[in-house]
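Taking it in order: structure first as structure tokens, then the write-up.
Numbered from 1 within each chain, the chains take letters A, B, ... in sequence-line order.
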There are 2 protein chains.
Amino acid sequence: MTTEPLSRARILAAAIDLIEREGADAVSMRRIAAELGVGVMSLYNHVPNKDALLSGVAETVLSGIEFTDDPGAHWSDRVRTQAHAFRQIAHHYPRSTMLVVSRTLHSSAGLLPVERALATLRGAGFDGIDAVRMLRMFIAFIVGSLLREVGVTPTFAPPQQHRAVSAEHVDPELFPHVSELAPLLVSCDHEAEFEFGVEMLIQAIAVHPARREGTR
Amino acid sequence: MTTEPLSRARILAAAIDLIEREGADAVSMRRIAAELGVGVMSLYNHVPNKDALLSGVAETVLSGIEFTDDPGAHWSDRVRTQAHAFRQIAHHYPRSTMLVVSRTLHSSAGLLPVERALATLRGAGFDGIDAVRMLRMFIAFIVGSLLREVGVTPTFAPPQQHRAVSAEHVDPELFPHVSELAPLLVSCDHEAEFEFGVEMLIQAIAVHPARREGTR
DNA sequence: AGCTTGCACGTACGGTGTACGTACGTCAAT
DNA sequence: ATTGACGTACGTACACCGTACGTGCAAGCT
């Protein structure tokens, strides 16, 4: 039994593991300590408090994004690549993603993605202020998407017994469109929806008047 | 002292009031009961459990959106109006908004907005599937925006002492763009950003090939 | 009258985050 | 070699949480 000496990293790893296995609600200092076979208060030697621990989790997850940026590619391809890089965390760490998006990061963990994105947008021909605005719009869209994609499973729902609207009973008189499109509303191919949104945004960027196309 | 007989509505009102005054973390059954001058367990006669109570809060807030839809107006104006209607909840109930966006609604409280939005998008010339996709993209953007706008103040932060990046120290060598645009990144006019995003999305919709312009 | 029903309440249990005091290793200076 | 400081692991304790359970009271019905 190698009693590795406990560290912030081990604690964070255990926390992430626990979140992914049993959901964010299962996280407690006692639970994590038990998971590591260690006393509760020992954790506080490496982490100031629970809030900081969760921030650490968010940070760790966020910094796990694989960024393979090719500065030579067309800006639209770079945008696509970076958007998908963001979305990958929702696949690797579905439960933990909620933490990342619902928590205000007070660290510079997400600085590299921002740098890459700004570079791409400047490369697309925007000046500073518009690049920032575009980035913020993109982030809003991505965060919103991930929230929908991930929030569907708060901890463990009985397999989608009736997702909100469902076909159960929507008065076609009061809600004709909802009623007609109910089949489309109840199911959601997150992959496809995300793809669609990204393409729309790229399109929106492409036609924006503030872009100076040929600018290098 | 008129001892009004306690009801789900009064409990929800007290909960919302408490959330807005002291943040979502301050909400507990005991706290709400104390606020109403009532025993803790009396709440359970009107609300099955805390989770349902919070869902009720989200529902109440959501159904407070003022929708003044003019079916005769141009679709782009209708989109603008509806987008801003959504955003208004972030102003009336900033703290509670977090609940609305981070919680999976299992009720049909948000059905009317969906109906209006679909009507607008169909009116803009989209078929069913594209209307749903557009709507989902819009919702993702709006939710993401509100999350940024509201999440900045988790409960009560010291007045923005240094928002993540700040100018404190960003290596211009490693992060040239972030460094250069730091002044723009640290401050955020949410109103303007939202406006900008909405216009971009409207633009994106306007140029989308699947739209059949003249269709009635 | 009796009976049922529903609401307000108090108590109690198992859980939470964490402040505090303590015991035990390792290392530096004496 | 001894001493002391220091960091780490730990157990206990406190205040608070959600809520299961049982009790009493008032209103309405038969």
Side-chain angles (χ1 to χ4, degrees), chain A residues 1-19 21-59 95-96 98-99 102-104 106 154-157, chain B residues 1-19 21-59 95-96 98-99 102-104 106 154-157:
Chain A
M1 181 75 85
T2 70
T3 65
E4 199 174 343
L6 194 56
S7 64
R8 180 181 155 93
R10 276 193 60 198
I11 294 176
L12 290 183
I16 292 177
D17 193 57
L18 180 59
I19 292 177
R21 277 187 295 120
E22 308 195 18
D25 289 354
V27 176
S28 80
M29 300 304 266
R30 285 172 164 81
R31 193 78 167 68
I32 293 176
E35 212 81 10
L36 290 166
V38 107
V40 192
M41 294 314 290
S42 307
L43 301 178
Y44 287 87
N45 289 321
H46 307 268
V47 159
N49 53 45
K50 186 185 181 181
D51 206 61
L53 188 153
L54 293 181
S55 287
V57 168
E59 212 174 308
R95 316 292 262 275
S96 308
M98 280 292 284
L99 276 185
S102 65
R103 183 159 270 272
T104 27
H106 286 307
T155 40
F156 235 5
Chain B
M1 181 74 86
T2 70
T3 64
E4 202 174 340
L6 192 60
S7 65
R8 181 182 154 93
R10 277 192 56 198
I11 294 176
L12 290 184
I16 292 177
D17 193 57
L18 181 59
I19 292 176
R21 277 186 295 119
E22 309 195 17
D25 289 354
V27 177
S28 80
M29 301 305 267
R30 286 172 162 82
R31 195 76 167 71
I32 294 176
E35 212 83 8
L36 290 166
V38 106
V40 193
M41 293 315 288
S42 307
L43 301 178
Y44 287 87
N45 289 321
H46 307 268
V47 160
N49 53 47
K50 186 184 182 183
D51 207 61
L53 189 152
L54 293 181
S55 288
V57 168
E59 213 173 307
R95 318 289 262 277
S96 308
M98 281 293 282
L99 277 184
S102 65
R103 180 160 271 274
T104 27
H106 286 306
T155 41
F156 234 7

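- Distance, B/Leu53 CG to D/dG18 P: 10 Å, rounded to whole Å.
- Between B/Arg10 and B/Glu35 there is no salt bridge, since no side-chain nitrogen of the basic residue lies less than 4.0 Å from a carboxylate oxygen of the acidic one.
- Note: NZ (B/Lys50) to C1' (C/dG15) measures 13 Å, nearest angstrom.
- In this entry the distance linking CG of B/Asp25 with C1' of C/dG17 reads 13 Å, nearest Å.
- The separation between B/Ile11 atom CD1 and C/dC7 atom P is 11 Å, rounded to whole Å.
- What you find for A/Ser42 and A/Val38 is that their closest heavy atoms are CB-CG1, 4.3 Å.
- OP1 and OP2 of D/dC16 both lie 4.0 Å or more from every side-chain N or O belonging to B/Ser28.
- Pairing each heavy atom of B/Val40 with each of B/Ala33, the nearest pair is CA-CB, 3.6 Å.
- One interatomic measurement links the two molecules: CE of B/Met29 to P of C/dG10, which rounds to 16 Å at whole-angstrom precision.
- With salt bridges taken as basic N to acidic carboxylate O contacts below 4.0 Å, none links B/Arg95 and B/Glu22.
- To the nearest angstrom, P of C/dA19 lies 8 Å from CG of A/Asn49.
- Of all the residues in residues 38-48 of chain B, B/Val40, B/Met41, B/Tyr44 reach under 4.0 Å from DNA chain D with at least one non-hydrogen atom.
- The two atoms that bring B/Val27 and B/Lys50 nearest to each other are O-NZ, 3.3 Å, heavy atoms only.
- Between atom CG of residue A/Leu36 and atom OG of residue A/Ser7 there is a gap of 9.0 Å, rounded to the nearest 0.5 Å.
- Mapping B/Arg30 and B/Ser7 onto DNA chain C by nearest heavy atom places B/Ser7 closer to the 5' end of the strand.
- Per the geometry, CZ belonging to B/Arg8 stands 15 Å off P belonging to C/dA8, to the nearest Å.
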